Amino acid sequence: MGASSWPSAAEVRSPLQLLSDAKKKVAEMSGRDVADVRVVISPYRICPLGAHIDHQGGTVLAMTVNKGIILAFVPSCDRQVVLRSGQFAGDVKFRVDEEQLPRSSMPVKEKDSSWGCYARGALYALQKTGKKLNEGIIGFISGSDGLDSSGLSSSAAVGIAYLMALESANNLCVSPSENIELDKLIENAYLGLRNGILDQSAILLSKYGYLTLMDCKTKEHTFVSSSMLNGAKSSERANKYKILLAFSGAKHCLKDNPGYNCRVAECQKAAKILLCASGAESVDPRLCEVGPSIYEAYKHKLKENLAKRAEHYFSENKRVHEGVKAWASGNLVEFGKLISASGLSSIQNYECGCEPMIQLYEILLRTPGVFGARFSGAGFRGCCLAFVDANQAEAATAFVQREYSKTQPELALQVPGGRVALLCEAGDSARVI
Ligand code: GLA
């Protein structure tokens with residue numbers, strides 16, 4: 001675990017800190033000893049480059065941050081699952097031998113739209129893949145303050161936390177790549193969101209101090225180290241840059257927003273037209289199946305909106321590969337320019353985002369010390385991310401806070417605690433402690 005990883009060693013040890021509080025809650029709920037309580041740490045992720053290309057089999061760059069979800073739990077010693085949340089009201093209860101059906105196939109009135117749907121989704125994924133569960137869990141879940149629904153992939157972090165807790169309670173040994181597929185089942189099959197594997201891959205594979213390069217077609221990944229870290233002691237590693245998260249206050253759950261799936265369908269339509277034009281009509285219609293030369297030869301066949309989606313895909317893939325070189329050579333200025341270009345392409349070509357998110361992106365571009373910025377997640381709500389010069393990070397935070405509060409005073413007040421800008425650092429992968 002890296003030096004600035006979350007939670008820090010101090011947080012793990014201190015009886016007053018969040019881990020201990022969560023453990024105590026589970027001890028109270030279950031009547032067990034605090035020492036028997038296990039904890040899943042599931043961090044949030046950012047994606048500096050590779051926006052909206054994972055579902056098309058593109059290549060993405062990701063890392064986790066030192067904020068996320070904590071799920072404290074004990075095996076329930078029977079088939080019951082009982083969950084309580086630090087953020088949402090009411091207990092969630094179900095049994096691990098209740099068959100779970102995809103939420104998308106349920107009549108509206110039967111859909112579980114409560115916060116418990118991710119836990120049921122985890123059970124669905126484990127059942128669907130034939131995993132035998134004899135034990136439920138008694139658990140308490142809590143997220144880093146105010147960061148849920150922020151475009152940091154809290155949904156994947158939550159889904160992964162439940163998967164890992166149920167697996168641990170049932171002594172199931174599941175590899176990170178298998179958990180990537182299980183979480184994909186929660187999102188795609190159970191919740192009906194047609195997203196890719198960026199979020200799960202980042203959360204399950206990330207390594208402190210590196211960027212994870214994930215090929216979403218082959219599902220192979222590598223870690224990209226940076227020359228700015230060479231020889232640096234771990235305490236100095238984060239000194240050159242900080243990650244600045246800027247919250248718009250716009251909240252709209254992705255699984256309930258048709259915009260995301262609509263863009264995925266448009267990318268597939270574009271892929272189909274390009275593949276048919278090149279005589280490959282039977283190939284799976286995803287843009288990763290279209291070679292760049294086929295794209296150049298037949299892109300004139302695409303109508304304006306589909307041409308823009310395809311242009312985003314091909315230019316973003318290119319930016320990812322250029323970004324790997326910039327990061328590896330420690331060139332944060334170049335890396336930042338690519339991030340901002342990705343943000344612009346998301347707005348102009350992929351046409352996602354909403355007015356407050358675009359305003360926040362523009363504020364970040366003129367913030368002193370910012371190397372580059374873009375939407376953190378899908379862009380329809382939540383937060384923008386920026387890489388910022390560590391020496392100017394505090395001033396940059398104050399600047400963003402001030403400017404966004406002037407531009408969107410009401411939304412700025414809706415951000416929890418009124419804290420529009422937050423500095424954080426790189427994190428590690430999800431784990432059970
Ligand atoms: C969301 C999805 C991811 C990815 C990003 C955009 O976070 O869950 O699969 O498509 O948006 O890059």
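Each ligand, and each atom within it, is numbered from 1 in the order the structure gives. All values reported here derive from a predicted model rather than from experimental measurement. All values below were derived from every heavy atom in this structure, side-chain atoms included, with hydrogens, water molecules and symmetry-related copies excluded.
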Closer than 4.0 Å to some heavy atom of [X] - which atoms of ligand 1 meet that?
| X | result |
| --- | --- |
| Asn195 | 2 (C), 8 (O), 9 (O) |
| Ala378 | 11 (O) |
| Ala51 | 12 (O) |
| Arg45 | 7 (O) |
| Asp54 | 3 (C), 4 (C), 9 (O), 10 (O) |

Only counting residues at least two apart or in another chain, list the ones meeting salt bridge (Lys or Arg N to Asp or Glu O under 4.0 Å) with Arg309.
Glu266, Glu351
I'd like to check the salt bridge (Lys or Arg N to Asp or Glu O under 4.0 Å) partners of Lys318; sequence neighbours left out, ordered by chain and number.
Glu322
Heavy-atom proximity to atom 8 (O) of ligand 1, picking from Asp199, Leu193, Val264, points to Asp199
Once you restrict to heavy atoms under 4.0 Å, what part of Arg194 touches ligand 1? Side chain, backbone, both or neither.
neither
[Y] and [X] aromatic ring geometry - parallel, tilted or perpendicular at 30°/60° bounds:
| X | Y | value |
| --- | --- | --- |
| His52 | Phe380 | perpendicular |
| His221 | Phe223 | perpendicular |
| His312 | Tyr350 | tilted |

[X] near ligand 1, heavy-atom distance under 4.0 Å?
| X | result |
| --- | --- |
| Gly196 | yes |
| Gln56 | no |
| Tyr260 | yes |

Looking only at distances, can you tell me whether any N or O atom of His52, backbone or side chain, sits closer than 3.5 Å to an N or O atom of ligand 1?
yes
Is the gap between the ring centers of Phe371 and Trp327 under 6.0 Å?
no
Answer yes or no for Lys301 and Tyr298: cation-pi contact, defined as NZ/CZ to six-membered ring centre under 6.0 Å and angle to ring axis within 45°.
no
Under the 3.5 angstrom rule, does the side chain of Asn66 hit a backbone N or O of Ala426 as a donor-acceptor pair?
no
